[in-house]
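Accompanying notes for the structure given below.
Residue numbers count from 1 along this sequence.
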Amino acid sequence: MKIKDLLKPNLMILDLKADSKEAAINEMIDKYVAEGVVTDRAKYLKGILDREAESTTGIGDGIAMPHAKTDAVNQAAVLFAKSSQGVDFNALDGQPVHLFFMIAAPEGANNAHLQALAKLSSLLINPDLVAKLKKAESADDVIKLFEEAEAAKDAEDAADTQDEAPATNAAPATEETSATQKPFIVAVSACPNGIAHTYMAEAALKKAAKDKGIDIKVETNGSEGVKHRLTKEDIERADGVIVTADKKVEMARFNGKPLLNRPVIDGINKADELIEMVENHQASTFHASQADGDDAADESKGGFWNEVYKDLMNGISHMLPFVVGGGIIMAISFFIERYTSATSLWFTFPNDIGNYAFSFLIPILAGFIAQSIGDLPALMPGVVGGYMATQSAASIMHTNSVSGFIGGLIAGFAAGLIVNALKKFFRFIPKSLEGLKPMLFYPIVSLLLVGALMFFIINPVFAAVNAWVTGVLEGMGTGNAVLLGAVLAGMMSIDMGGPFNKAAYAFAIAAFTSTKNGDLMAAVMVGGMVPPLATAIATTFWPKKFTEQEREAGISNWVLGISFITEGAIPFATADPLRVIGSSIVGSAIGGGLSQLWKVSVPAPHGGLWVIALADHKLFYVLSVLIGAVVAGFIMGIWKPRRTTNG
């Protein structure tokens, strides 16, 4: 497949009007929707924003490549847009972006599509092509420039293949030929979506190496899977290793080699510098124990709190299927019990299944937090520490309370940090004992340390804390319950799926698992349903204040709202954060407070209004959602300014 099959005249905006990053993204997505490439605007926008949250796709030199791979796309495509005035896109070089390549890749994109996307990405490191694109005046000019660049690259690749072919069958190098052999470097390139940056970094590294007379082999971890995989012989022969990646790659194989570990964007913008550092012996020797986060991976790491949040989300994302599956099945069993008895098989079977799933919540949470920090060796002590958090501290505190959710969080972080410390501690043991570390030293020592920490410190202390919190929740007066419900529900709207939202939801889950009381679950469920329903109400009653695409998204938000999918409001919040988030917080807080005033309880961790049959005070549950959504929707509709043109 050729690039022109993806880059079509009807998918070009040669006079982009946007003057901000958010406006540029929305203007390009509107074009995709109008041309039928994107079928679900909200989902595709979420994919774009999620990628931008990982790192900006403004790669510098006036270029941005926002991209997403999602089932909201029905055909692989590339939208080209050109801005004469430039847009502040948070580009890495701080300069305005003039050329945009918005990539839309469907979940089932075939290899031909992916190879064409990879080739397009690799061409954009050519400064001559970029300069000519900035001067292009028509869609035909753009396509012609890419056809010429693609033909030149195909010819160059074919020539390189012919040059390398004899070397494949060459005889083993003698001492004389070895002395004159070119320097050789191996590299790995990877980014989260593996659509654009992976291949741009590959192309930049190859070009820089060729200019310096250095041989290089680059392994890509992209949408096509691993290509050009490095062999053991490649790694042994190499003078050094360059890893430019924004996701985990296999690192242990580089043990003992000089290695640079940088973000993928450095592979694009600093390829010359990286190759020079390896050839000038400025790369530190890599040890396998460094693969999971200590001194070898310095520049690639985010800030401290970003790392903590990433580790926490790894635990929560693996825990949620147990929460949703077990919680809803357990709630259904309670509904069935009303019509049978506590000894009926109709009740005991689903209730036991739900309880079995729930018993894994905290161990899974702790285990995958630990794995995110210390990789696979930390999983086992994390799981065991999480399990210990569910057991009573009676042997020390003479109480049946458990450290619970808080204890599990601490167990996960402790296990990960302990394993990382053990990797450093055992770094200097003889190589002959290297194989014993993961099989013997790490599991035994980490389990003993985590177990002792949980048994003697964490469980006793936080069992007491948990008992106090449970007592407060159970004995809380109506006024305090309303206030807490309003705060938690309001937090659900602050970032609609981000840290505040997850913190409120995690608190409600912790209370639910400790007390089996669904009051706070009702509050956060109401709070999470309000934002999408509010946008649906606002677009229905004030249609002229929204674009055509927003009105279409508003229709789908009726369903997303009652399903407790808060993310349906994200496109609106992105376009107008103050009005959308502000009104949603007010409505959510009112709805959450009312749910506690009316003593609504929902013994299920998900489902929105679809689980109304399981709720206590069903009418008041619906009223809490309705009142909160109406208040937020009317504030949003009245507050939002009228559009000068109806789009």
Holding to side chain to side chain donor-acceptor pair (under 3.5 Å), I want the full list of residues that pass it with [X], two or more places apart in sequence or in another chain.
{"X": "K31", "result": "none"}
{"X": "W346", "result": "none"}
{"X": "E35", "result": "N10"}
{"X": "T70", "result": "none"}

What closest approach, in Å, do [X] and [Y] show between heavy atoms, and which atom pair accounts for it?
{"X": "A77", "Y": "V37", "result": "CB-CG1, 4.0 Å"}
{"X": "I369", "Y": "F413", "result": "CG2-N, 3.7 Å"}
{"X": "A411", "Y": "G386", "result": "CB-N, 3.9 Å"}
{"X": "G633", "Y": "A538", "result": "O-CB, 3.7 Å"}
{"X": "S588", "Y": "G527", "result": "OG-O, 2.9 Å"}
{"X": "N459", "Y": "M388", "result": "ND2-O, 2.9 Å"}

> In terms of heavy-atom contacts, does CZ of F360 have more than 12 from other residues, nucleotides or ligands at under 6.0 Å?
Replying inline: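 Atom CZ in F360 is not packed in, count stays at 12 or less.
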> Without hydrogens or angle criteria, can the side chains of S584 and S493 be said to hold a donor-acceptor pair below 3.5 Å?
Replying inline: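 Distance-only check fails for S584 and S493.
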> Under the side-chain contact (heavy atoms from CB on, under 4.5 Å) criterion, do L79 and F101 qualify, and how do the steps go?
Replying inline: CA-CA 6 Å; L79 186 149; F101 297 85; over 6 Å; no
Validation row: [X], [Y] side chains within 4.5 angstrom (heavy atoms):
{"X": "L49", "Y": "I25", "result": "yes"}
{"X": "I29", "Y": "M102", "result": "yes"}
{"X": "P641", "Y": "R579", "result": "yes"}
{"X": "L16", "Y": "M28", "result": "yes"}
{"X": "L533", "Y": "V530", "result": "no"}
{"X": "P96", "Y": "V87", "result": "no"}
{"X": "V384", "Y": "V450", "result": "no"}
{"X": "Y505", "Y": "M521", "result": "yes"}

Report yes or no: does [X] contribute a side-chain atom to a donor-acceptor pair with the main-chain N or O of [Y] at less than 3.5 Å?
{"X": "S372", "Y": "F368", "value": "no"}
{"X": "Q596", "Y": "D519", "value": "yes"}
{"X": "N74", "Y": "G36", "value": "yes"}
{"X": "K43", "Y": "A72", "value": "no"}
{"X": "T566", "Y": "G528", "value": "yes"}
{"X": "Q75", "Y": "P106", "value": "no"}
{"X": "Y44", "Y": "V33", "value": "no"}
{"X": "E27", "Y": "A18", "value": "yes"}
{"X": "N351", "Y": "F347", "value": "no"}
{"X": "R51", "Y": "H67", "value": "no"}

> Can you name the ring-ring contact (aromatic ring centres under 6.0 Å, His included) partners of Y387, sequence neighbours left out?
Replying inline: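 Partners of Y387 under the ring-ring contact (aromatic ring centres under 6.0 Å, His included) test: none.
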>> Among residues at least two apart in sequence or on other chains, which ones pass ring-ring contact (aromatic ring centres under 6.0 Å, His included) with Y621?
In response: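 Here no residue qualifies.
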Can you tell me how far the [atom1] atom of [X] sits from the [atom2] atom of [Y], to the nearest 0.5 Å?
{"X": "I332", "Y": "L614", "atom1": "CD1", "atom2": "CG", "value": "6.0 Å"}
{"X": "R41", "Y": "I48", "atom1": "CZ", "atom2": "CD1", "value": "11.0 Å"}
{"X": "L488", "Y": "L483", "atom1": "CG", "atom2": "CG", "value": "9.5 Å"}
{"X": "E552", "Y": "T539", "atom1": "CD", "atom2": "OG1", "value": "11.0 Å"}
{"X": "T390", "Y": "L361", "atom1": "OG1", "atom2": "CG", "value": "10.0 Å"}
{"X": "M492", "Y": "I585", "atom1": "CE", "atom2": "CD1", "value": "12.5 Å"}

>> Please evaluate residues W639 and L578 with respect to the criterion side-chain contact (heavy atoms from CB on, under 4.5 Å), reporting the C-alpha separation (whole Å), side-chain torsions for both, the decisive distance (0.1 Å), and the verdict.
In response: CA-CA 10 Å; W639 192 2; L578 178 62; 3.9 Å; yes
>> I'd like to check the salt bridge (charged side-chain N to carboxylate O under 4.0 Å, His left out) partners of D19; sequence neighbours left out, ordered by chain and number.
In response: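 With neighbours one apart ignored, the set is empty.
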> Between I612 and V622, does a side-chain contact (heavy atoms from CB on, under 4.5 Å) hold up when you go through it step by step?
Replying inline: CA-CA 8 Å; I612 189 172; V622 175; 3.2 Å; yes
What residues form a side chain to side chain contact (heavy atoms under 4.5 Å, CB included) with [X], not counting sequence neighbours?
{"X": "A64", "value": "P66, F89, V97, F100"}
{"X": "D88", "value": "N90"}
{"X": "L345", "value": "T348, F349"}
{"X": "D50", "value": "K46"}

>> Checking L312 against L409 for the side-chain contact (heavy atoms from CB on, under 4.5 Å) test, could you report, in this order, the C-alpha distance in whole Å, the side-chain angles of both residues, the deciding distance, and whether it holds?
In response: CA-CA 8 Å; L312 178 61; L409 286 176; 3.4 Å; yes
Can you give each donor-acceptor pair under 3.5 Å made by side-chain atoms of residues 624-631, sequence neighbours left out, with the distance rounded to 0.1 Å?
| from | atom 1 | to | atom 2 | distance (Å) |
| --- | --- | --- | --- | --- |
| S624 | OG | S595 | N | 3.4 |
| S624 | OG | F620 | O | 2.7 |

